[in-house]
Amino acid sequence: MPDINAGNTAWVLVCAAMVLLMTPALAFFYGGMTRSKSVLNMMMMSFGALGLVSIIWVLWGYSMAFGADVGGGLVGSPTEFFGLKGLMTEVVGAEMDDAGNAVAGTGIPAYAFVAFQAVFAIITVALISGAIADRAKYGAWLVFAVVWATLVYFPVAHWVWGEGGWILDKIEAVDFAGGTVVHINAGVAALALALILGKRIGFGKVPFRPHNVPFVMLGAGLLWFGWFGFNAGSALAADGTAAVAWVMTLVATAAASLAWMATEKIRDGHATSLGAASGVVAGLVAITPACSSVDALGAVVIGIVAGVLCALAVGLKYRWGYDDSLDVVGVHLVGGIVGTLMIGLVAVEEAPAGVVGLFYGGGLDQLGKQAVAAGAVIVFSFVVTLIIGLVIHKTIGFRVSGDDEIQGVDLTTHAETAYELSDATYGGHFAGGGPGGAVKAGVSAAKEGVSA
Amino acid sequence: MPDINAGNTAWVLVCAAMVLLMTPALAFFYGGMTRSKSVLNMMMMSFGALGLVSIIWVLWGYSMAFGADVGGGLVGSPTEFFGLKGLMTEVVGAEMDDAGNAVAGTGIPAYAFVAFQAVFAIITVALISGAIADRAKYGAWLVFAVVWATLVYFPVAHWVWGEGGWILDKIEAVDFAGGTVVHINAGVAALALALILGKRIGFGKVPFRPHNVPFVMLGAGLLWFGWFGFNAGSALAADGTAAVAWVMTLVATAAASLAWMATEKIRDGHATSLGAASGVVAGLVAITPACSSVDALGAVVIGIVAGVLCALAVGLKYRWGYDDSLDVVGVHLVGGIVGTLMIGLVAVEEAPAGVVGLFYGGGLDQLGKQAVAAGAVIVFSFVVTLIIGLVIHKTIGFRVSGDDEIQGVDLTTHAETAYELSDATYGGHFAGGGPGGAVKAGVSAAKEGVSA
Amino acid sequence: MPDINAGNTAWVLVCAAMVLLMTPALAFFYGGMTRSKSVLNMMMMSFGALGLVSIIWVLWGYSMAFGADVGGGLVGSPTEFFGLKGLMTEVVGAEMDDAGNAVAGTGIPAYAFVAFQAVFAIITVALISGAIADRAKYGAWLVFAVVWATLVYFPVAHWVWGEGGWILDKIEAVDFAGGTVVHINAGVAALALALILGKRIGFGKVPFRPHNVPFVMLGAGLLWFGWFGFNAGSALAADGTAAVAWVMTLVATAAASLAWMATEKIRDGHATSLGAASGVVAGLVAITPACSSVDALGAVVIGIVAGVLCALAVGLKYRWGYDDSLDVVGVHLVGGIVGTLMIGLVAVEEAPAGVVGLFYGGGLDQLGKQAVAAGAVIVFSFVVTLIIGLVIHKTIGFRVSGDDEIQGVDLTTHAETAYELSDATYGGHFAGGGPGGAVKAGVSAAKEGVSA
Amino acid sequence: MKLVTAVIKPFRLDDVKTALQQFGIQGLTVSEASGFGRQRGHTEVYRGAEYTVDLVPKVRVEVLVEDHEADPVVDVIIKSAQTGRIGDGKVWVVPVDAVARVRTGERGHDAI
Amino acid sequence: MKLVTAVIKPFRLDDVKTALQQFGIQGLTVSEASGFGRQRGHTEVYRGAEYTVDLVPKVRVEVLVEDHEADPVVDVIIKSAQTGRIGDGKVWVVPVDAVARVRTGERGHDAI
Amino acid sequence: MKLVTAVIKPFRLDDVKTALQQFGIQGLTVSEASGFGRQRGHTEVYRGAEYTVDLVPKVRVEVLVEDHEADPVVDVIIKSAQTGRIGDGKVWVVPVDAVARVRTGERGHDAI
Ligand SMILES: Nc1ncnc2c1ncn2[C@@H]1O[C@H](COP(=O)(O)OP(=O)(O)O)[C@@H](O)[C@H]1O
Ligand SMILES: Nc1ncnc2c1ncn2[C@@H]1O[C@H](COP(=O)(O)OP(=O)(O)O)[C@@H](O)[C@H]1O
Ligand SMILES: Nc1ncnc2c1ncn2[C@@H]1O[C@H](COP(=O)(O)OP(=O)(O)O)[C@@H](O)[C@H]1O
């Protein structure tokens with residue numbers, strides 16, 4: 001493959017690994033926020049998404065997102081690259097000379113692009129799980145992950161990033177790294193699932209305080225690290241655009257974290273570390289679509305707006321009564337909308353994307369395009385997710401029993417507890433002779449062990 | 001050094017850092033599985049390996065692995081590059097033109113290769129420690145690490161990756177990133193040590209349940225991240241081979257994690273998060289040798305087989321009565337064999353390695369080569385490890401006293417406890433005036449403090 | 001930007017992300033060492049530095065450090081690049097041909113350099129916070145972070161790395177990656193703050209043992225990973241210098257960790273994991289200035305000296321009575337001095353920096369230059385930090401009340417507790433209807449809730 | 001003076017606390033405990049090895065009361081802690097010779 | 001009715017539990033404790049500063065029994081918890097006025 | 001024999017322990033507890049939702065003493081645990097029928 005540029009390939013492959021790390025990072029960001037009796041289940045939702053979406057991505061996902069359009073810019077052909085067929089020695093993204101031949105040393109291997117896009121699909125699915133902490137059937141979640149990725153994520157990825165996809169190519173909205181595809185999409189789906197599953201026992205009365213705030217900080221730190229891969233890697237080359245995206249990803253995030261803290265300090269009297277971590281994520285979400293179209297000042301403004309609005313938005317669930325457990329709606333939907341729309345306000349021409357926002361004399365044109373893109377994803381994702389969720393809920397059921405919820409899904413679903421930090425009061429004994437003897441005892445215990 | 005390719009160099013150096021991170025990651029993967037009274041000791045075995053193997057690598061290790069063959073393809077000269085002498089301005093891996101001169105811009109600095117290979121040696125040694133959790137003398141472990149690396153790892157690395165090494169160059173087995181050198185090798189050594197040290201007090205009766213399952217998940221997540229450096233970095237260039245290795249490292253791992261969960265669900269009635277994390281590692285192990293020789297389908301198959309077989313294999317220790325505490329044998333030996341052998345079954349010609357497996361019409365040829373490579377490492381590593389281990393056990397002793405084991409090696413070996421999460425019942429006071437006064441009191445306390 | 005080298009750009013951007021991760025890593029390294037009642041506050045000091053320094057870096061910091069000298073090599077113009085103006089399409093570091101034109105494909109985007117330097121400024125500020133654990137007013141810390149970065153860090157960065165900065169360009173001292181700018185600088189500032197804030201209640205009597213040693217190990221592991229970006233990335237190119245820096249960063253760190261353990265084993269009778277982790281950081285600190293000027297042997301020697309001296313130095317606070325809570329002075333100041341001075345002893349000519357130390361026949365010349373550089377930073381940083389700290393202390397106050405300190409700054413400052421691992425004795429209820437109702441209750445509770 | 005001790009299911013604690021407050025109790029002390037009894041423990045599975053954990057998480061509540069309050073307090077606890085399912089717990093009453101309030105040194109009746 | 005309380009070494013808990021079950025005890029309550037006594041604590045070293053930790057981890061076991069069972073139960077506990085090494089712990093017996101089972105409201109003998 | 005139980009503020013534990021030692025007490029048992037009483041709990045804020053945590057961390061200290069030591073021990077505890085601020089805690093004394101040392105099986109006076 002003489003056409004490959006090693007620098008760009010190194011960049012994209014490293015960024016892909018960084019984005020892969022974001023899903024375990026999310027498991028900690030979310031897991032730290034649950035109660036100690038459901039942290040493992042929370043992490044398992046991320047790990048399950050990692051497993052399943054990886055597989056279906058190489059089977060039909062990549063093809064649906066990046067295969068040739070099967071009509072109207074809505075979805076790619078699921079069979080064209082089924083099982084990644086024919087891609088092993090392909091090169092993508094090469095520059096063309098006047099004669100239409102690839103210029104040597106300018107492309108990256110098609111598999112590098114497959115890799116980079118795979119981890120986007122994975123994390124988008126995993127993001128949704130925060131809305132249904134503590135009470136979802138694990139099997140139902142796994143089914144949902146596969147169906148949702150197929151019916152919602154792959155098509156929307158095609159709209160935005162696929163060749164001939166209608167959002168970027170046709171209406172020319174800007175979504176550099178996935179504000180619509182990833183964050184608005186996951187945020188809306190989270191809302192739909194929260195409505196379907198209903199409130200946790202004790203919601204609004206008993207405090208569900210985070211059982212391990214340092215884990216939340218760890219998750220936020222690792223997410224930030226990985227997000228440089230997510231945003232700057234979306235340039236698909238180690239170039240000036242990537243560098244601009246990198247710096248904006250730093251600045252907007254910093255601003256959002258400070259803004260969230262400031263909002264809390266003013267409103268509640270205390271700036272919390274959960275708030276700082278949440279602000280980090282809100283800023284990262286908001287700058288995702290915008291990191292190629294603003295300057296440092298614009299990034300600061302987007303960060304501040306996202307930090308303040310998301311800090312306010314996470315309270316809505318108490319007012320409106322939907323139990324979006326870990327605030328996927330307040331952070332990802334709201335943050336995603338902020339970032340997507342504000343491109344229409346603060347984009348500057350000299351930035352790589354080359355569009356001009358309202359505040360810089362660009363008129364309402366770009367803002368309108370952005371609103372259409374955001375709105376389309378909101379409507380499509382909400383409706384389809386609602387249907388998928390309801391079908392699952394009415395058939396296999398999406399929610400565990402009340403008893404299991406009270407005792408904790410870690411124990412009742414996974415037969416595990418997260419921590420055994422004290423050696424002292426542990427009273428247990430070995431049941432049977434290891435794996436061999438486990439089957440029968442396991443089944444009977446599962447019946448007995450659950451009156452909390 | 002005009003011969004250097006910046007893209008490839010960037011790639012190899014970043015991958016080396018990612019692989020370095022795998023050893024602390026392993027410390028968490030293992031540390032989370034021990035009881036809370038021995039987590040620090042478990043982590044210290046990894047950190048000790050990091051320290052010692054780094055030093056001996058630059059002294060004689062690199063030279064033994066990659067120095068000129070001192071005969072028969074068995075080991076390199078330990079003096080040729082002793083202390084890395086003469087390598088500071090060298091370039092390796094450059095393409096040669098017809099006249100035999102290096103083509104400008106195609107090599108990487110020799111030190112980048114030294115770096116990348118160093119972290120492989122480190123993690124291989126650290127892997128072994130999982131078999132002897134909770135009961136090993138720390139000093140004995142440090143001695144073992146140095147001797148084992150010298151007598152087992154460096155030679156085997158030479159066999160496989162050294163110039164003129166007999167496994168790759170002579171019999172033409174495929175081991176892209178270290179299925180034999182790293183995983184089979186460490187897995188077999190783990191078995192030998194588990195046999196020498198014997199069972200922990202209470203093995204098979206008292207449950208040794210993991211004290212911190214989220215740490216296991218953290219370790220698995222960071223290992224996966226680092227493993228992209230391990231596998232894709234083994235291309236030593238940011239090229240199509242690296243991209244293929246990357247994708248296979250994603251897919252096989254995903255499949256193995258799901259397969260382990262499914263095995264548990266069917267057998268025990270519950271899919272556990274410890275199982276998901278273990279499946280991740282099993283998949284990573286199995287795809288390590290094979291990531292350059294299969295396609296996506298092959299990777300899925302390898303992942304499934306590794307996930308199922310390893311999930312079953314971890315139970316053997318109860319049946320056969322060896323206390324491989326954290327299942328190094330079940331995961332690394334079994335996973336390594338699965339990956340090494342299955343190249344002979346599912347390798348496809350269009351993959352970078354260019355070999356053909358039995359299922360694709362390649363006959364039994366490649367399978368035979370793979371079996372020879374695996375078998376040679378198994379026999380050599382087991383015999384030499386057994387000798388090293390027994391000598392240590394009979395001289396300085398490899399196992400702590402029963403009292404120390406019951407009270408916990410953290411306290412008795414390192415004079416530390418891992419957690420003090422409650423402020424409430426801590427009753428202690430400062431003994432002496434800091435470091436100055438510590439010597440005497442320390443010694444007396446070490447004598448008194450240990451009747452559990 | 002045709003002048004850009006993708007390989008070098010990929011390298012610098014990835015390294016920048018790795019260095020960014022060092023600040024959350026530091027939050028864990030430090031946070032694990034505090035008592036459980038102040039871990040969140042400790043982490044928040046790092047996150048606050050992350051937020052604030054990012055913003056002021058793009059506003060005036062980059063310009064003060066790398067803008068045109070406003071006189072005498074002391075500081076750059078704060079307005080030249082205010083808000084990063086004019087840099088979006090600039091290229092830096094390109095090679096020049098004889099005619100003085102940039103050679104195509106040899107530069108990196110100016111924004112990549114901005115990014116890489118930003119994360120250095122952030123971590124330097126965050127390092128200081130370890131000295132004032134458990135007792136600092138959070139607001140005072142935030143003010144300090146902004147003022148100190150502006151008055152101390154940006155000027156010193158200009159001295160060393162700015163064009164025309166007097167330390168590197170004029171006196172030709174060697175500080176490859178920031179031994180003076182980052183570590184001596186932060187270490188001295190930490191000493192000044194520890195003196196200003198005074199001792200924690202119970203210092204020298206009650207043990208302040210680490211509440212979560214695994215977190216310390218996690219921090220050390222992630223710091224080591226990120227530090228490859230810090231040191232090897234400082235080559236600003238993926239070349240031989242970067243590879244040398246990488247290897248030295250491995251070897252010196254390994255040696256220091258072992259040396260710290262050995263010091264403890266000899267002195268106290270036990271090698272601790274806190275010691276191993278501390279040794280890792282001490283080694284990383286010491287090799288930072290020196291990683292481009294020594295060979296592997298020199299790196300080992302620097303590591304050993306740093307490990308031993310820092311292990312001894314952390315005890316001085318008890319003897320001299322300053323409460324440098326988490327030993328920023330003992331590790332960063334002492335380690336930084338060791339590394340900076342030892343360049344003058346063990347530098348070898350064939351290393352990239354090309355200077356010769358005393359032991360290799362270079363005479364006292366280089367040692368003298370190193371001492372001047374170190375001394376200048378020590379004096380400047382100590383004096384200015386003392387002034388800043390005292391002004392803050394006398395105006396808004398730098399220390400919380402004794403009650404708040406006893407009850408814990410997490411609860412009193414941030415209204416949070418780090419862990420709620422048991423579901424059992426949690427007795428709490430929801431106060432008010434979410435964010436809306438929080439204001440009033442929050443204020444009253446803040447008044448009532450603090451009699452420990 | 002009597003000491004009423006109750007071992008109950010953790011998730012009933014809030015209700016018990018509220019009921020005791022409504023009854024007029026001004027203070028109580030809570031601690032974590034694990035119980036073994038007719039209620040079975042649960043099973044955990046780690047890498048295929050199955051463990052039976054006998055001990056079930058419980059909460060211990062202790063209330064110092066006047067002699068005549070002991071019986072009604074036991075009733076209040078039973079009523080508010082009861083789920084009717086096995087493992088609801090026990091309440092017992094122990095005689096107390098003396099009580100003092102640390103803050104003031106007051107004894108007896110005034111100390112509660 | 002009596003309440004037998006034992007403070008023992010944590011790693012003896014399993015044996016004590018088994019012995020009490022074999023004796024015929026149907027339930028007990030366990031909690032974590034730390035003890036201070038003739039048994040010395042241990043020393044921990046953090047960055048060269050050495051700390052003496054006085055308190056030793058213990059487990060508290062509480063068993064409600066009929067009056068006549070108190071003595072034999074104390075014997076059973078002593079036998080099963082004993083290692084003969086310092087710090088093995090204490091057992092004490094306290095009179096109980098009343099016992100109730102939360103689930104049913106039963107009192108006295110039937111409640112145990 | 002008596003059992004003196006004190007519920008005190010955690011940061012007074014060291015002083016109480018020292019005072020009891022000086023008084024001549026040879027052993028005691030400590031455990032974690034949470035108290036509810038006149039002392040208010042605190043407020044925590046998570047994502048803008050404010051929670052009132054009623055329970056305040058406390059430490060429980062138990063000391064077995066001879067009958068005649070009970071009163072002075074209560075005094076020693078009160079003196080060493082007192083801060084004069086609300087929430088300092090309670091001390092109470094319960095009669096004990098029998099005491100045994102596990103290590104030796106000794107009973108009564110010798111067992112303490
Ligand atoms: N004899 C006993 N002594 C002390 N505690 C007991 C005793 N029997 C039961 N308990 C406590 O009461 C709890 C509930 O008892 P259990 O027998 O499981 O159910 P139930 O009280 O509903 O019959 C146990 O978990 C244990 O904590
Ligand atoms: N006077 C006491 N009151 C309450 N508990 C005590 C008393 N003396 C000892 N204990 C408990 O008994 C445990 C063992 O006592 P110790 O004196 O160390 O050993 P031994 O009982 O073997 O003489 C202590 O750790 C403590 O928990
Ligand atoms: N009636 C009671 N029974 C048991 N414990 C009590 C009782 N009243 C108070 N306590 C314990 O004493 C502690 C202090 O009581 P509190 O009323 O807050 O302050 P004070 O004793 O200073 O008046 C409480 O936190 C609780 O642990």
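Naming: A, B, ... by sequence-line order, numbering from 1 per chain. Note that this is a predicted model, so its numbers are computed, not measured.
- Of the residues considered (C:A115, C:G83, C:A112), C:A115 shows the highest number of contacts with chain A, using heavy-atom pairs under 4.5 Å.
- The nearest pair of heavy atoms linking A:H270 to C:T413 is ND1-O, 3.0 Å.
- Taking 4.5 Å as the limit, some side-chain heavy atom of A:S273 sits within range of a side-chain heavy atom of C:M44.
- With hydrogens and angles ignored, the 3.5 Å screen pairs no side-chain donor or acceptor of C:E420 with any backbone N or O of A:S36.
- Counting only heavy atoms from C-beta outward, the side chains of A:M217 and C:P24 never approach each other to under 4.5 Å.
- Using a 4.5 Å cut-off between heavy atoms, A:A242 contacts chain C through both its backbone and its side chain.
- In this structure, no portion of C:L59 lies under 4.5 Å from any heavy atom of chain A.
- Within the 4.5 Å cutoff, side-chain heavy atoms of C:F225 are placed close to those of A:F225.
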Could you walk me through whether C:I122 and A:L250 pass the side chain to side chain contact (heavy atoms under 4.5 Å, CB included) test, one step at a time? CA-CA 11 Å; C:I122 293 166; A:L250 178 72; 4.2 Å; yes
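- Between chain C and the options A:G7, A:G226, A:A238, A:G279, the largest number of non-hydrogen pairs under 4.5 Å is found for A:A238.
- Residues C:E416 and A:L274 approach most closely at OE2-N, 3.0 Å, considering heavy atoms.
- Annotation: side chain of A:L297 is not in contact with side chain of C:V58 (no heavy-atom distance under 4.5 Å).
- Atom NZ of C:K85 has more than 12 heavy atoms from other residues, nucleotides or ligands within 6.0 Å.
- In this structure, chain A has a heavy atom under 4.5 Å from the side chain of C:F215, while its backbone stays farther away.
- For A:A351, the parts sitting under 4.5 Å from any heavy atom of chain C are the backbone and the side chain alike.
- A heavy-atom distance below 4.5 Å is found between the side chains of C:M88 and A:D295.
- For the options A:N8, A:V244, A:L222, heavy-atom pairs under 4.5 Å to chain C are most numerous at A:V244.
- Looking at C:V53, there are no atoms closer than 4.5 Å to chain A (heavy atoms on both sides), in backbone or side chain.
- Heavy-atom distances place no part of A:V39 under 4.5 Å from chain C, backbone and side chain included.
- Neither the backbone nor the side chain of C:S46 has a heavy atom closer than 4.5 Å to any heavy atom of chain A.
- Counting only heavy atoms from C-beta outward, the side chains of C:Y111 and A:M248 approach each other to under 4.5 Å.
- At least one side-chain heavy atom of C:F47 sits under 4.5 Å from a side-chain heavy atom of A:V280.
- Between C:T89 and A:E350, every side-chain heavy-atom pair lies at or beyond the 4.5 Å cut-off.
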Apply side chain to side chain contact (heavy atoms under 4.5 Å, CB included) to A:W224 and C:L50, showing your working. CA-CA 11 Å; A:W224 200 342; C:L50 248 171; 3.6 Å; yes
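- Nearest heavy atom pair, residue A:P214 against residue C:F28, reads O-CZ, 3.1 Å.
- With rounding to the nearest 0.5 angstrom, the CG atom of C:N5 is 8.5 Å from the CG atom of A:N5.
- Within residues 251-262 of chain A, the residues that have a heavy atom under 4.5 Å from a heavy atom of chain C are A:V251, A:A254, A:A255, A:L258, A:M261, listed by number.
- Within residues 9-16 of chain C, the residues having any heavy atom less than 4.5 Å from a heavy atom of chain A are, in residue-number order, C:T9, C:A10, C:L13, C:V14, C:A16.
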